[in-house]
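Keep in mind that this is a model prediction, so the values were computed, not measured.
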Amino acid sequence: MKISYKWLKEYVDIKASAEEVIEKLTFAGLEVGDKKKINNDVVFDIEITSNRPDWLSHIGIARELAALFNAKIKKVKADTKKAITENSKEFSISIEDKKACSRYVGRLIKNVKIAPSPKWIEQPLTNISSRLINNGADITNFCLHETGQPLHAFDFDKLEGAKIIVRRAKKGETITTIDGVKRELDESILVISDAKKPVAVAGIMGGIDTEVTQDTKNILLESAYFDPVTIRRASRKLGLSTESNYRFERKVDFENVLFSSNRAALLFKEVTGADISLEPVDKNYGKKETRAIKFDCANIKRLIGAEITLKQTQAILTALGFEVEKTAKKGVLKVTVPSFRNDVLIEEDLIEEVVRIWGYDKVEPSMPVLTAHVEPAYSKQYSYKQKIRQIMIGLGMDEAVTYSLLSRKNLVDSYTVPDDLVTLINPLSHEQQYMRSSLLASFLKVINTNFSRRSKEMKIFEIGKVYGKAIDSFDEYEVLSIALCGKRFQNWQGHSKELDFFDIKGIVEVLLDTLGIKYEFKQPILEFYSPEESLGIIVEGNVCAGHFGKLDKKMLKHFDITNDVYFAELNITTLVDNAKTAYKFSSLAKYPSSSRDVAIVVNNSVSAKDALSIIREVSGSLAVNIELFDVYTGDQVPDNHKSLAFSIEYQSKEATLTEEQITATHTAVQDALLKRLNASLR
Amino acid sequence: MKQKLLQIEKEFECEISKVSSIEQLEEIRVKYLGRKEGLITIVFKDLAKLGADEKAQSGKLINELKQKITQAFEHKAIQVSGKTSAKAGKAAIDVSLPGIKRELGHAHPLTIVFDEICGLFVEMGFRVVEGPEIETEYYNFEALNIPLEHPSREAFDTFYLENKFLLRSHTSPVQVRFMEESRPPVQIVVPGRVYRPDATDASHSYMFHQIEGLLIDKGITFAHLKGVLTVFAKKLFGEKTKMRFRPHFFPFTEPSAEMDVSCIICSGKGCSVCKQSGWLEILGSGMVHPNVLKAGGINSKVYSGFAFGMGVERIAMLKYGIDDIRLFFENDTRFVRQFS
């Protein structure tokens, strides 16, 4: 809200400079943004928090300054007693919805002369960038910025039947507001109507038909209290927001309604020479609410940790407009809250008021004694996430952080549209309407972006959430995703090969081995992988911990990626649940080991895993280490065949193995391989 | 004899200083240290002709000279060949070539800042806990003293899912979730991802990250809030950092305060980052509102506490001088690799 320094000084007796005023306000909780010098004045923007509608006026800010500078308030003239001589019979007011409008003050101002405003009205309004219209409309605006109470002036002679009815609009009714827009109304919207039609959307904007113009002779001036929720809903529904509804939504001061009407009437008389002798009609259905709070001042020290004397406390509250009385109990005050402070409800609110004015900066910082806790500082899952992150970084992977929201197209293109897709009801755009069930699409977008900027290789990972539905609610869990593409590594000793399936497999294996997880691989059935080059990860209890493999070429085309991309996604919780937590020492072997090699030629359909399990089975506990050291296909072996070469390390825990024992076992292994895999020795 | 040795030494020094190749060096080696005709070998042979006293004295001198020549020779060999060993014939490697590196990956700057901030609070005795991103209206609003249809909700525009579920607009729901499950003292920090329907530009993102803190015990005061946050800010931004606390409004704290730190770019002199004010707004904080304690099942007559929350992107942007929030989520490798 824009505040004029010069205008403020009309309401409070201060000598302080604009700079000093800004400084004080900042430390009282009124955040001052831009400030600028204009027409011999300083105008500044204040961000008013939603709990302080009383600050939405110059008088409200002046009241704050009076407390901050210990200065006197200058009262504005609003006494109309002398001017009023007649009862008003020219019009009637009826309130149909008394909950939505608990107070309505209407008064007839006769014989106005509509013209441009005088300098003293025009200047402050211009300085705070309020639009000038004519003296009639300008006076209501002037009062709004002075007292905080929105007012509305109707051209009385255009009100049919000289009637004001505050009611709900009927479905199908319309009104053209003063901004020239025709608006459809319904029962949720409160309107002011005359005998026939709506003449204003209550608390938001007047109608164009009854607007004050050059020809207006008589004005019906409205000052009211409208229910915040009703006004808020109507403003949302109509997509219309004004200075007026902004204040009604935050609650205006109930006691200020008549005061502001009186103040405006005096201004009309002074500025337009109008006749204000008719008494206003005050329809007041609100209960007079006075709230008193018992304030045990010892609680200031309990909550703040600073000593503020009872005398200071009383002085601050009084200056802010609270009524303070002592009670029988020492140090306990009875504080009556003024009508403009709807935000003050409990003792803590009073404590804030006192400390705020006394000064947050005067509270000496001190360190509390924190309790040593038995629970770990980081949860198990959190610790493992950090460990996994370190492993990934150690393996040369760069960390990514991607958006959790995606477009339908992203999901369809990456074959990751789940049955339980989580959809936003009010998305900002279609680009961010769905919550992801996999990080795949996010990663492909990252790869695409980087490739389009001529990056040659990507090795990325992210630990992030994916989302789904549960019974009557939603589900979210954390995954580790990895994507690889480009060259394995490059240096001056020679260019290496492109990254391939065994790179992603190796990364997954290193991770699982480092976490001490027992696992096996199975063929996954996920559409986004190439079926020949992908595996699922199975852990104890036949639980799937994730999957990895080469991504489908056709799918990658949707993201304009022509290179091969390898991807993995693992469920963090499953990894954590299966991670080995206790380690036990096993004694080091005392007897020497001996290695023997075996190379076999087998049909391509035979897998390395088949050969390995035969070696393990036949050698029993004697083979302590089996290494596949060569895989060969080419001229030296028949078509459709490959050679597999293993090195087997034999060792016993009980004794040194004899040459005969080793040969016997190794021969048995060879025979089994040849027979069961239909292999030949190479 | 002595005279002769001095002459050899002088001659050697003169010759070795002119050497510029391994070949020349080898010539000199043969001339002086050669096993048969080397000048040193010859003078050693001459020793035999001397008397016992002079023999011992001269022997010592010859040994000293031999050592001197050998050292000078090795030193020259290094200069000439760039190698530590003078063994001729072995192929030299260019040690100035770059090492073969196994590249490490890089942590994302947001993770680095998360780890740093959480770590600072863990050092003080806080625990790190997390909570769900898909929340209920109760935990995101009502339990935090933000009633329905209240203007204070405007500061928290929210993405909604079916059945009134929503994407949390702050990490504060975890405050109440944690209080429900545990007894005071509560000493937690909560890192997490939050969502608000803000149109994306250089300083706004509909998805961002926060760290929330909560400390509840008997006798916790606003002075403690200032103490803990002052230590935190000095640890994060440096010991000379100044801070100030301004009153503010948050529905879930009373009294509430915003903390500013002296601008880390200009040290408070005024620059474009701090809009010439010398101060940067870093976090919101306050004493936990009695209604929030009540929602968490904690008696506000017995216990009190403070809470605080900060935006992780904002702190990372200030710390690293990043000028566009979108860079965090674009994941250009040239960006991500700059911070570790």
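- Neither the backbone nor the side chain of Met392(A) comes within contact range of chain B; no heavy atom of the residue lies under 4.5 Å from a heavy atom of that chain.
- Of the two parts of Arg244(B), only the side chain, counted from C-beta on, holds a non-hydrogen atom closer than 4.5 Å to a non-hydrogen atom of chain A.
- Between Arg453(A) and Glu330(B) a salt bridge is recorded (basic side-chain N to carboxylate O distance below 4.0 Å).
- Proximity to chain B involves both the backbone and the side chain of Arg302(A), based on heavy atoms less than 4.5 angstrom apart.
- Only the side chain of Leu167(B) comes within less than 4.5 Å of a heavy atom in chain A; its backbone stays farther off.
- In this structure, Lys226(B) contributes its side chain and Val363(A) its backbone to a donor-acceptor pair below 3.5 Å.
- Of the two parts of Glu254(B), the backbone and the side chain both hold a non-hydrogen atom closer than 4.5 Å to a non-hydrogen atom of chain A.
- Asn450(A) contributes a side-chain N or O that, together with a main-chain N or O of Asn331(B), makes up a donor-acceptor pair within less than 3.5 Å.
- A 4.5 Å side-chain heavy-atom check between Lys301(A) and Glu307(A) finds at least one atom pair inside the cut-off.
- In this structure, the portions of Ala400(A) lying under 4.5 Å from any heavy atom of chain B include both its backbone and its side chain.
- Between chain B and the residues Glu375(A), Glu364(A), Arg356(A), the largest count of heavy-atom pairs under 4.5 Å involves Glu375(A).
- For Glu476(A), the part lying under 4.5 angstrom from a heavy atom of chain B is the side chain only.
- Contact annotation for Gln390(A): neither backbone nor side-chain heavy atoms come within less than 4.5 Å of a heavy atom of chain B.
- A distance-only check finds no donor-acceptor pair linking the side chain of Glu457(A) to the backbone of Gly486(A) [under 3.5 Å].
- With a 4.5 angstrom heavy-atom cutoff, Val401(A) touches chain B via backbone and side-chain atoms both.
- Contact annotation for Asp398(A): both backbone and side-chain heavy atoms come within less than 4.5 Å of a heavy atom of chain B.
- Between chain A and the residues Lys101(B), Glu258(B), Met124(B), Arg246(B), the most heavy-atom pairs under 4.5 angstrom are made by Arg246(B).
- With Thr253(B) contributing its side chain and Ser256(B) its backbone, the two residues share no donor-acceptor pair below 3.5 Å.
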Quick one: side chains of residues 158-166 of chain B, donor-acceptor pairs under 3.5 Å with protein atoms, not counting sequence neighbours, listed by atom name and distance.
unit_1    : atom_1 : unit_2    : atom_2 : d
Thr158(B) : OG1    : Phe156(B) : O      : 2.6
Tyr160(B) : OH     : Glu137(B) : OE2    : 2.8
Glu162(B) : OE2    : Lys469(A) : NZ     : 3.2

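- Per-residue counts of heavy-atom pairs under 4.5 Å with chain B were compared for Glu462(A), Lys385(A), Met458(A); the largest is that of Lys385(A).
- Using a 4.5 Å cut-off between heavy atoms, Arg233(A) contacts chain B through its side chain alone, with no backbone atom that close.
- Taking chain A as the reference chain and counting heavy-atom pairs below 4.5 Å, the highest number among Val336(B), Thr333(B), Thr230(B) is found for Thr333(B).
- Heavy-atom distances place no part of Ser442(A) under 4.5 Å from chain B, backbone and side chain included.
- Neither the backbone nor the side chain of Pro53(A) comes within contact range of chain B; no heavy atom of the residue lies under 4.5 Å from a heavy atom of that chain.
- A donor-acceptor pair is defined here as one N or O able to donate and one able to accept, closer than 3.5 Å; such a pair exists between the side chain of Lys459(A) and the backbone of Arg488(A).
- Proximity to chain A (any heavy atom under 4.5 Å) is restricted, for Pro290(B), to the side chain, taken from C-beta onward.
- At a threshold of 4.5 Å between non-hydrogen side-chain atoms, the residues Phe126(B) and Val228(B) count as touching.
- Proximity to chain B (any heavy atom under 4.5 Å) is restricted, for Glu47(A), to the side chain, taken from C-beta onward.
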Using the rule given for ring-ring contact (aromatic ring centres under 6.0 Å, His included), can you reason through Phe250(B) versus His248(B), listing the C-alpha separation, both sets of side-chain angles and the distance that settles it, and then say yes or no? CA-CA 7 Å; Phe250(B) 302 110; His248(B) 198 72; 5.0 Å; yes
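- Residue contact with chain A, scored on non-hydrogen atoms closer than 4.5 Å, is absent for Pro109(B).
- Formation of a donor-acceptor pair under 3.5 Å by the Asn145(B) side chain with backbone atoms of Pro251(B) is found in this model.
- The residue among Thr49(A), Leu428(A), Val422(A) with the most heavy atom pairs within less than 4.5 Å of chain B is Leu428(A).
- Side-chain contact between Ser285(B) and Phe306(B) is absent, with no heavy atoms from C-beta onward closer than 4.5 Å.
- Taking Asp361(A), Asp472(A), Thr371(A) one by one and counting their heavy-atom pairs under 4.5 Å with chain B, the maximum is reached by Thr371(A).
- With hydrogens and angles ignored, the 3.5 Å screen pairs no side-chain donor or acceptor of His204(B) with any backbone N or O of Asp201(B).
- In this structure, Ser205(B) contributes its side chain and Phe208(B) its backbone to no donor-acceptor pair below 3.5 Å.
- Within residues 183-190 of chain B, the residues having any heavy atom under 4.5 Å from a heavy atom of chain A are, by residue number, Pro185(B), Gln187(B).
- At least one donor-acceptor pair under 3.5 Å links the side chain of Arg436(A) to the backbone N or O of Tyr403(A).
- Residue Lys465(A) touches chain B through its side chain alone, counting heavy-atom pairs closer than 4.5 Å.
- Counting heavy atoms from C-beta outward, Gln432(A) and Tyr195(B) have side chains that stay 4.5 Å or more apart.
- Val446(A) has its side chain within reach of Thr402(A): a pair of non-hydrogen atoms, C-beta onward, lies under 4.5 Å apart.
- Using a 4.5 Å heavy-atom cutoff, the side chains of Asp260(B) and Lys242(B) are not in contact.
- Inter-residue side-chain proximity for Val32(A) and Thr26(A) is flagged as met; some heavy-atom pair is nearer than 4.5 Å.
- Between the side chain of Trp279(B) and the backbone N or O of Cys274(B), no donor-acceptor pair lies under 3.5 Å.
- Ranked by non-hydrogen atom pairs under 4.5 Å with chain A, the options Pro132(B), Ala257(B), Ser304(B) are led by Pro132(B).
- Interface residue Leu104(B): backbone and side-chain heavy atoms are both found under 4.5 Å from chain A.
- Both the backbone and the side chain of Pro368(A) come within contact range of chain B, each with at least one heavy atom under 4.5 Å from a heavy atom of that chain.
- The candidate from Met207(B), Glu103(B), Glu133(B), Arg193(B) with the greatest count of non-hydrogen atom pairs under 4.5 Å with chain A is Glu133(B).
- You'll find the side chain of Val288(B) stays beyond 4.5 Å of the side chain of Phe252(B), heavy atoms only.
- When Asp332(B), Val122(B), Asp115(B) are compared by the number of non-hydrogen pairs under 4.5 Å with chain A, Asp332(B) comes out ahead.
- Chain B forms the most heavy-atom pairs under 4.5 Å with one residue out of Ser429(A), Gly359(A), Gly396(A), and that residue is Gly396(A).
- In terms of heavy-atom pairs under 4.5 Å with chain B, the best-connected choice from Val229(A), Asn51(A), Leu405(A), Ile460(A) is Asn51(A).
- Only the side chain of Arg389(A) comes within contact range of chain B, judged by heavy atoms closer than 4.5 Å.
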